[in-house]
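For reference, the structure discussed in these notes is given below.
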Amino acid sequence: MGHLDHAAYGWLTPALSYVMASIGAALGLRCTVRALAATGASRRNWLLAAASAIGTGIWTMHFVAMLGFEVTGTEIHYNVPLTILSLLVAVLVVGGGVFAVGYGKDRRRSLVLGGLTTGLGVASMHYLGMAALRLHGEISYDPLAVGLSVAIAVIAATAALWAALNIKSPVAVAVASLVMGAAVSSMHYTGMTAVAVSVSPADTALPGATAMQFIFPLAVGLGSYLFITAAFVALSPTVGERDASASARHLREPTVTAH
């Protein structure tokens, strides 16, 4: 059995991955709050932004954490198509959960459906990302730890969507995002405790790309996207601010009287 190191760079990758998960959760929650206060195309657009923020944040969290994953006795490469597929799955399935909440008539049913869908999407992304690993050996999983990680993902997703439906103030959203980031990180590292690797040393070259060749540049790009989206959301006026601005303009307009 190969020795697994989940934090080869110390606390750097766990801490950075937690930050990315929290940023993605914060953006997703703020966008969902904006969506619930909007109608028509505006609601749809805010929900799309929420799905992309949460999905991207979770994916970036996972692979930033994986930058610190090493197995003694073998290099680790990643299958590029599977890695990209895991990103698409994260965004699309999270989008399904967010839209269920955004357009659902029965909030309780929508919350259960959205939490289950989003949680399974998070878990699917994680294990698709793990399936993309290429190394000299065989990977096996402890079913109990896998099941626990999926349960954590569903609970975390449901809690996040509940927060989007019930929490409006920026401070409360920030706290909820930190909790969500911790839950997503817990899901990841619980899933990683399920992993065991039987190393078979070989001189043949591994297929795929190394983490620094592919994962690191993509994670940096997606992290930049999250920060740009954060700036956009922060600078975009809320419905209340737009209404207040419109009222102020109306009050400043001169009143024309008929003679």
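Because the structure is a prediction, the values reported are computed rather than measured.
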Cluster check [X], [Y]: I/L/V/M/F/W/Y, side chain < 4.5 angstrom:
X      : Y      : value
Leu4   : Ile139 : yes
Leu29  : Val175 : no
Leu128 : Val64  : no
Leu67  : Phe69  : yes
Val80  : Tyr78  : yes

What pair of heavy atoms forms the shortest contact from [X] to [Y], and how long is it?
X      : Y      : result
Leu161 : Gly115 : CD1-N, 3.5 Å
Thr158 : Leu111 : O-CD1, 3.6 Å
Ala211 : Pro217 : O-CD, 4.3 Å
Ala182 : Tyr18  : N-CE1, 3.2 Å
Met66  : Leu133 : CE-CD1, 3.9 Å
Gly68  : Tyr9   : CA-CD1, 4.0 Å

Is the backbone N or O of Ala49 less than 3.5 Å from a side-chain atom of Ser52, with the two atoms forming a donor-acceptor pair by type? yes

Checking Arg43 side chain against Ala37 main chain: does a donor-acceptor pair fall under 3.5 Å? no

Are the side chains of [X] and [Y] in touch, meaning some heavy atoms are under 4.5 Å apart?
X      : Y      : value
Tyr103 : Arg44  : yes
Val122 : Met187 : yes
Thr83  : Trp59  : yes
Trp46  : Thr32  : no
Val199 : Thr72  : no
Ser149 : Tyr141 : no
Val93  : Leu120 : no
Leu87  : Leu222 : yes

Inter-residue atom distance [X].[atom1] - [Y].[atom2], 0.5 Å rounding:
X      : Y      : atom1 : atom2 : answer
Thr60  : Leu218 : OG1   : CG    : 7.5 Å
Ser186 : Leu148 : OG    : CG    : 10.0 Å
Ile76  : Leu206 : CD1   : CG    : 9.5 Å
Ser185 : Ile152 : OG    : CD1   : 11.0 Å
Leu16  : Trp11  : CG    : CH2   : 14.0 Å
Ile58  : Phe63  : CD1   : CZ    : 13.0 Å

Determine the sole option in His126, Met61, His62 for which the side chain to side chain contact (heavy atoms under 4.5 Å, CB included) test with Val184 is passed. Met61

Could you please spell out the steps behind the side chain to side chain contact (heavy atoms under 4.5 Å, CB included) verdict for His136 and Val71? CA-CA 10 Å; His136 293 302; Val71 180; over 6 Å; no

Could you go through Met20 and Leu226, starting from their C-alpha distance and side-chain angles, then the distance that decides it, and tell me whether this counts as side chain to side chain contact (heavy atoms under 4.5 Å, CB included)? CA-CA 8 Å; Met20 300 311 298; Leu226 287 175; 3.7 Å; yes

Decide yes or no on side chain to side chain contact (heavy atoms under 4.5 Å, CB included) for Thr117 and Phe99, but give the supporting numbers first. CA-CA 11 Å; Thr117 302; Phe99 271 79; over 6 Å; no

